[in-house]
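These notes are about the structure you will find just below.
From a predicted model like this one, the values you see are computed outputs, not experimental measurements.
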Amino acid sequence: MFNPPERLSVAEAAAKYRYLNNPGSFRGYWRNDKAPYLVEPMNELDSRFFEGVIFVGPAQSGKTDALILNWVLHSAKCDPMDMILYNPSTAAARDFSMRRIDRLHRHSPVMEELLLKKRDADNTFDKHYVNGMMLTMSWPSVVEFAGKPVPRVGLTDFDRMDMDIEGDGNPYDLAAKRTTTYGSYRMALAESSPSKPLLNPRWIRTSPHEAPPADGILALYNRGDRRRWYWPCPHCNGYFEGAFELLEWDGKNRQGQKLDPISASESVFMRCSHCGHPIRPDWRHEMQQWGMWLKEGEGIDAKGRRFGQPRRTKIASFWLNGVAAAFTNWAELVRLCLTAEEEYASTGSEEALKKFYNTDLGVPYMPKAVDSERLPEHLHARAEELGEKVVPLGTRFLVANVDVQKNMFVVQVHGIAPGTPFDMCLVDRFQIRKSKRLDDAGDHLWVKPATYLDDWDLLIEDVMDRSYPLADGSGRRMAIKLTTCDSGGYSKDKGESVTSMAYDFYRRLKRENRHGRFHLVKGDPSPGVPRARISFPDAPKKDRHSAARGDVPVLLLNSNVLKDALHARLDCITPGHGMYRFPDWLPDWWYQEMCAEDRTAKGWLKRPHTKNEAWDLSYYCIGVCVSSLLLVEKMDWQKPPAWADEWDRNSLVSAPEEAPRFAPQKETYDFGKFAQAMA
């Protein structure tokens with residue numbers, strides 16, 4: 001205990017004492033030359049000048065291993081002080097303890113020796129060492145942030161945390177507050193890949209190293225001195241920041257044919273932003289060894305001499321681009337990018353592209369819809385002479401989508417045609433306003449979906465059993481394959497629930513064995529959820545009067561993702577590639593409804609005092625087609641099911657003199673009656 005501590009920096013301590021045992025990857029002591037960009041951030045953790053370190057970087061950059069685990073090793077061996085590590089959740093903290101901290105102890109002999117040999121000294125969330133240091137694994141909550149004075153705190157995977165902890169504020173600020181009593185010995189670390197949406201899509205950079213406005217790790221980066229990683233060109237020695245935009249590759253072969261992502265990625269190289277010379281991928285390691293972190297306001301010449309006035313703050317912040325990440329390569333980045341773009345082209349979903357930019361490149365993603373603005377007149381100019389309320393040529397089946405309003409049902413019928421992704425065409429748009437109920441004068445009363453269950457029967461007669469003539473003039477008609485209806489809605493003034501009526505209507509259809517052609521849907525804008533998934537809502541125990549009893553399936557649709565896909569379809573003008581076609585008989589208000597929402601950084605928002613039924617019903621159609629109900633994206637159009645076949649073989653197409661045919665329902669059995677018959 002009386003021996004003086006070993007005076008080593010965090011990087012030096014890692015190289016001397018950290019042993020890695022990753023079968024199939026690397027075994028041996030930590031090598032700082034493998035990822036030299038991590039040396040400076042590691043060493044700043046032991047700084048007496050800075051009180052915080054922020055690191056923004058992609059996956060496969062080694063940031064967690066270097067900044068968290070090496071810091072733990074250095075603290076335990078060279079400079080013992082208590083430390084708390086915050087993970088996004090309790091489960092994540094437990095996994096980090098078992099998968100990272102326990103292996104650090106097991107593989108590095110010095111850490112195993114330092115661990116206190118007592119029964120309760122090595123717990124899942126607490127580690128005690130012979131020098132008196134205590135390491136705690138925790139998670140963001142008001143209780144976990146309160147009453148724990150500690151000199152060192154680390155927050156890993158910061159952008160997966162809630163940015164307002166139970167109303168008390170940012171988790172980094174709450175964690176850093178725990179360190180204030182330790183003066184210049186205090187240190188708060190946060191590291192993450194950026195995943196929070198941009199707050200101002202039309203932001204204009206005011207300085208070279210500034211990050212766009214966003215919550216999470218980028219906001220913390222902007223607080224600091226804003227360091228970026230620069231490396232020298234092997235040709236001109238000019239220093240520049242590596243970026244994915246500087247990579248180039250061959251998209252076609254000599255015969256002009258498009259290359260697959262793997263073949264295209266094999267030709268990748270980087271072009272120097274100074275001299276324009278190509279830089280081969282195998283030169284990157286040597287460039288890394290001469291790389292430097294430059295603060296905001298600094299510059300560097302071809303001889304490696306810094307100049308300028310650096311930004312001064314008490315936080316050292318770093319932002320690494322994915323092209324410099326040590327544990328990936330340029331070819332892999334190109335392959336991932338091309339694969340994500342192919343998925344966007346075939347499905348209209350931007351989720352793969354968002355993951356690529358956030359996780360693989362370490363930069364925020366800008367949704368494609370943010371940069372463009374739809375205008376009703378532009379959509380109107382695209383209208384085609386498809387015939388009024390007829391099934392256009394090439395359409396394989398029809399889907400009806402219903403939106404429930406206070407005094408009406410709004411219905412849109414779409415036709416689906418083959419394509420990659422599938423094409424869709426608007427066939428009909430109408431409203432169901434009058435019920436079969438009569439007033440004292442014998443006039444039909446308004447529809448009241450939240451009050452009268454009998455009014456829902458109109459959906460059977462006017463929608464589910466509806467058919468449309470084919471555009472070939474043969475007189476044949478096509479029935480509707482599936483009808484979906486919005487299940488949400490509540491009338492606060494009378495306490496009437498549309499959801500309750502919607503569930504009861506589905507139960508009635510199920511008793512009559514007609515539920516196979518009807519399904520309830522509901523929008524779910526929560527980030528990260530699937531595009532479409534079926535759920536069986538059940539009421540909470542405290543709500544005895546709820547209509548949800550876990551017996552009614554509801555198709556939950558990720559509204560933001562599907563609206564992004566719908567926006568992409570409106571930009572497509574090539575049939576067979578996800579085009580959305582609409583006839584020229586539609587009124588002007590329909591085009592206005594299609595332009596009633598704007599894409600913001602946090603999702604799609606409706607403009608005040610506008611109607612958006614056409615927009616909502618259109619994305620409902622996409623959602624039901626990509627769901628497990630229809631699986632249109634996986635359909636083999638050469639061998640489709642009978643209801644999606646060519647007209648001459650389509651099971652939903654009937655001759656002029658025949659009644660419309662519908663898909664057969666699954667036969668059900670009443671085992672109670674069967675038992676009585678057997679008795």
Go through the steps to decide whether Gln412 and Trp590 satisfy the test side-chain hydrogen bond (donor to acceptor under 3.5 Å, both in side chains), and finish with yes or no. CA-CA 11 Å; Gln412 236 171 237; Trp590 186 87; 3.0 Å; yes
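- Ion pair Glu593/Arg429 flagged as a salt bridge, since at least one NZ, NE, NH1 or NH2 atom sits closer than 4.0 Å to an Asp/Glu carboxylate oxygen.
- Taking the charged nitrogens against the carboxylate oxygens, Arg607 and Asp598 do have a contact shorter than 4.0 Å, which makes a salt bridge.
- In terms of modelled atom types and a separation under 3.5 Å, the side chain of Ser97 and the main chain of Ala93 share no donor-acceptor contact.
- The aromatic rings of Phe397 and Trp637 lie parallel to each other, their planes meeting at an angle below 30°, with 60° marking the opposite boundary.
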Evaluation steps, side chain to side chain contact (heavy atoms under 4.5 Å, CB included), between Arg514 and Leu509: CA-CA 5 Å; Arg514 288 190 287 183; Leu509 291 177; 4.2 Å; yes
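- No hydrogens or angles considered: nothing links the side chains of Ser192 and Arg160 as a donor-acceptor pair under 3.5 Å.
- Side-chain contact check for Glu350 and Tyr365: at least one donor-acceptor pair (N or O, by modelled atom type) lies under 3.5 Å.
- Summarising the local packing, CG of Leu438 is surrounded by more than 12 heavy atoms from other residues, nucleotides or ligands at distances under 6.0 Å.
- Between Asp564 and Arg599 there is a salt bridge, since at least one side-chain N of the basic residue sits less than 4.0 Å from a carboxylate O of the acidic one.
- A donor and an acceptor atom, one from each side chain of Asn401 and Thr484, are located under 3.5 Å apart.
- Between Asp465 and Arg517 there is a salt bridge, since a side-chain N of the basic residue sits under 4.0 Å from a carboxylate O of the acidic one.
- Electrostatic pairing of Lys389 and Asp428 counts as a salt bridge here, judged by a charged N lying under 4.0 Å from a carboxylate O.
- Between Tyr591 and Phe582, the ring planes lie perpendicular to each other; the angle is over 60°, past the 30° to 60° tilted range.
- Proximity of a side-chain donor or acceptor of Trp604 to a complementary backbone N or O of Val561 within less than 3.5 Å is not detected.
- A salt bridge links Asp524 with Arg533: the closest approach of a Lys/Arg side-chain nitrogen to an acidic carboxylate oxygen falls below 4.0 angstrom.
- Donor-acceptor pairing under 3.5 Å is lacking for the side chains of Asn407 and Gln405.
- For an aromatic pair to be called close, the ring centres must be under 6.0 Å apart, and Trp139 with Phe125 satisfies this.
- Under 3.5 Å, the side chains of Glu597 and Trp615 contain a donor-acceptor pair of N or O atoms.
- Of the N and O atoms on the side chains of Tyr452 and Ser435, not one donor lies less than 3.5 Å from an acceptor on the other residue.
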